[in-house]
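Remarks on the structure that follows.
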Amino acid sequence: MGSGLTRPLAVVTDDRHHLHDPPFELNGGSRVSPPPERPSRLAALREGLADIDHVLVDVEAHGDGPLLAVHDAGLVDFLDHGYERWREAGGPDPLIPDTFVSSRWASMDPRPPTSPLAVPGWWCFDTASPLTRGSGTAARAAADVALTAAGLLREDTSVAYALTRPPGHHTGVRTYGGFCLLNPAAVAARALSTAGRVAIVDIDVHHGNGTQEIFWTDPEVLYASLHGDPSSLFPFATGHAREIGGGAGLGATINVPLPPGTGDGSYLAELDEILAVVDRYAPTAVVVSLGFDAAAGDPLGPLALTPAGFAEVGRRIGALQRPTLLVQEGGYAEADLGPLLAATLGGLLT
């Protein structure tokens with residue numbers, strides 16, 4: 001049984017994603033140029049839509065309200081204005097923090113530093129997420145793309161695809177990193193949750209530490225992630241099976257870490273277990289954090305899914321027969337992105 005899609009597939013995107021285009025990142029102290037997360041990724045993904053019956057939907061602006069429902073106001077303000085303040089204070093281009101505020105310090109005096117050269121290390125947790133002049137605008141556009149696509153589900157659209165960048169699932173309430181600025185999937189899920197329970201299924205190869213944090217105590221949003229083992233893969237500190245939520249949200253977080261080399265068979269068996277829980281949860285909508293870095297050959301992922309495996313991922317998510325929002329996350333083997341998207345949508349829409 002497929003998704004029951006009323007064709008054509010609704011696709012929302014925004015060319016302002018090009019405004020986030022850092023010339024390099026720092027990874028392990030080394031300069032990486034160009035960064036893996038770059039504008040050409042979206043051009044590659046759009047090629048995967050060529051044979052899919054789809055319609056492009058115009059983006060609508062949603063303002064601060066939906067952002068502040070999941071993110072600290074200080075983080076939103078920093079992403080809007082921090083780059084300009086950094087440059088005015090003499091910081092180099094792009095903005096890459098070099099002083100990080102330890103959580104131990106923050107616990108003693110939980111206020112951001114006052115110097116514009118130190119503030120970035122309060123909000124950012126790595127050196128792989130540079131900011132340029134247009135980064136804040138691109139981040140807001142990404143959130144608007146996801147919110148516009150979420151709005152379509154409220155209008156009886158059964159599947160919508162938010163084709164956006166930068167990705168978002170590493171950004172939490174008050175920290176960003178891992179190529180992510182705002183968290184479009186979380187913003188959309190929060191908006192959808194006003195109408196009933198929502199399940200987030202995160203298939204990016206990296207654990208979505210930010211999305212997990214945002215919904216950690218929320219029983220109305222189930223977060224389920226299938227990812228590479230964090231004992232040896234970014235973000236390293238989160239994504240273990242023992243992490244199951246807290247407070248009122250205890251049990252509403254599911255983590256399934258997978259060993260390097262995991263291929264289609266083992267991956268799909270674990271996905272079936274997750275989707276069975278999602279089905280019992282009976283969400284009014286499903287949000288998929290759609291990463292393609294679990295594919296064989298991705299330069300940043302150790303798993304080994306094939307296009308046929310992604311087609312099965314799509315088919316099994318579609319079999320839930322619930323309104324589904326796909327929000328683009330990672331995937332860095334550009335030549336493979338279009339075929340992987342086409343395979344996934346082909347499975348989902350049959």
Exercise. Quick one: do Leu258 and Phe236 end up in the same hydrophobic cluster if we chain Ile, Leu, Val, Met, Phe, Trp and Tyr together by side-chain heavy atoms under 4.5 Å apart?
Worked result: no

For this session: Would you check if the side chain of Asn183 reaches a backbone N or O of Ala186 as a donor-acceptor pair within less than 3.5 Å?
Result: yes

Problem set entry | Validation row: Leu325, Val288 side chains within 4.5 angstrom (heavy atoms) | no

Exercise. Do the non-hydrogen side-chain atoms of Asp229 and Pro259 ever get within less than 4.5 Å of each other?
Worked result: no

Exercise. Does Glu213 reach the main-chain N or O of Val173 with its side chain, forming a donor-acceptor pair under 3.5 Å?
Worked result: yes

Problem set entry | Side-chain donor or acceptor of Asp14 paired with backbone N/O of Val145 under 3.5 Å | no

For this session: Mind checking the CG-CZ spacing from Leu181 to Arg165? Nearest 0.5 Å is all I need.
Result: 9.0 Å

Problem set entry | Check: Thr13 side chain, Leu163 main-chain N or O, donor-acceptor pair, under 3.5 Å | yes

Problem set entry | Whether over 12 other heavy atoms sit under 6.0 Å from Arg316 CZ | yes

Exercise. For Gly172, does its backbone N or O pair with a side-chain atom of His71 as donor and acceptor, under 3.5 Å?
Worked result: yes

Exercise. When rounded to the nearest 0.5 angstrom, what distance separates NE2 in His17 from CZ in Arg41?
Worked result: 10.0 Å

Problem set entry | Side chain to side chain, Trp122 and Pro113, heavy atoms closer than 4.5 Å | yes

Exercise. Judged by modelled atom types alone, do His207 and Ser225 share a side-chain donor-acceptor pair under 3.5 Å?
Worked result: no

Seminar exercise, completed: Interatomic distance, CG@Leu79 vs NE2@His20, rounded to 0.5 Å, equals 10.0 Å

Exercise. To the nearest 0.5 Å, what is the distance between CG (Leu305) and CG (Leu340)?
Worked result: 9.0 Å

For this session: Mind jotting down which residue pairs meet the side chain to side chain donor-acceptor pair (under 3.5 Å) criterion with at least one end in residues 90-99? Sequence neighbours excluded, please.
Result: Tyr83-Asp93

For this session: Output yes when a side-chain donor or acceptor of Thr253 lies under 3.5 Å from a complementary backbone atom of Trp216, and no otherwise.
Result: no

Exercise. Ignoring hydrogens and geometry, is there a side-chain-to-backbone donor-acceptor pair from Asp126 to Gly178 under 3.5 Å?
Worked result: yes

Problem set entry | Separation between CG of Asp272 and OH of Tyr267, rounded to the nearest 0.5 Å | 11.5 Å

Problem set entry | All pairs passing side chain to side chain donor-acceptor pair (under 3.5 Å) where residues 295-308 contributes a residue, at least two apart | Asp264-Thr306

Exercise. Do Arg315 and Glu312 meet the salt-bridge criterion of a basic N to acidic O distance under 4.0 Å?
Worked result: yes

For this session: Output yes when a side-chain donor or acceptor of Trp86 lies under 3.5 Å from a complementary backbone atom of Pro92, and no otherwise.
Result: yes

Problem set entry | Aromatic ring pairing Phe234/His206, orientation class (parallel under 30°, perpendicular over 60°, tilted between) | perpendicular

Problem set entry | Check: Thr157 side chain, Leu153 main-chain N or O, donor-acceptor pair, under 3.5 Å | no

Exercise. What closest approach, in Å, do Leu303 and Pro260 show between heavy atoms, and which atom pair accounts for it?
Worked result: CD2-CA, 4.4 Å

Problem set entry | Greater than 12 external heavy atoms within 6.0 Å of Arg154's CZ | yes

Problem set entry | Reported CZ-to-CG distance for the pair Arg174 and Leu75, which is rounded to 0.5 angstrom | 8.5 Å

Exercise. Does the side chain of Ser289 come under 3.5 Å of the side chain of His169 through a donor N or O and an acceptor N or O?
Worked result: no

Problem set entry | Sequence neighbours excluded - ring-ring contact (aromatic ring centres under 6.0 Å, His included) pairs with any residue from residues 272-329 | Phe292-Phe310

Exercise. Is a side-chain donor-acceptor pair under 3.5 Å present for Gln212 with Asn255?
Worked result: yes

For this session: Please report the C-alpha distance between Ile200 and Val221 in whole Å, then the side-chain angles of each, then the deciding distance to 0.1 Å, and finally whether the side-chain contact (heavy atoms from CB on, under 4.5 Å) criterion is met.
Result: CA-CA 7 Å; Ile200 302 172; Val221 179; 3.8 Å; yes

Exercise. Hey, is the main chain of Tyr176 close enough, under 3.5 Å, to the side chain of Thr171 for a donor-acceptor pair?
Worked result: no

Exercise. Is a salt bridge present between Asp21 and Arg133, judged by a nitrogen-to-oxygen distance below 4.0 Å?
Worked result: no

Exercise. For the hydrophobic clusters of this structure (ILVMFWY residues joined by side-chain heavy atoms under 4.5 Å, transitively), does one cluster hold both Val313 and Ile52?
Worked result: yes

For this session: Quick one: do Glu155 and Leu152 satisfy side-chain contact (heavy atoms from CB on, under 4.5 Å)? Show the steps, please.
Result: CA-CA 5 Å; Glu155 301 169 4; Leu152 298 174; 3.9 Å; yes

Exercise. Is any NZ, NE, NH1 or NH2 atom of the basic residue among Asp218 and Arg197 found under 4.0 Å from an Asp or Glu carboxylate oxygen of the other?
Worked result: no

For this session: Flag the pair Glu334 and Arg38 as a salt bridge only when some basic side-chain nitrogen lies within less than 4.0 angstrom of an acidic carboxylate oxygen.
Result: yes

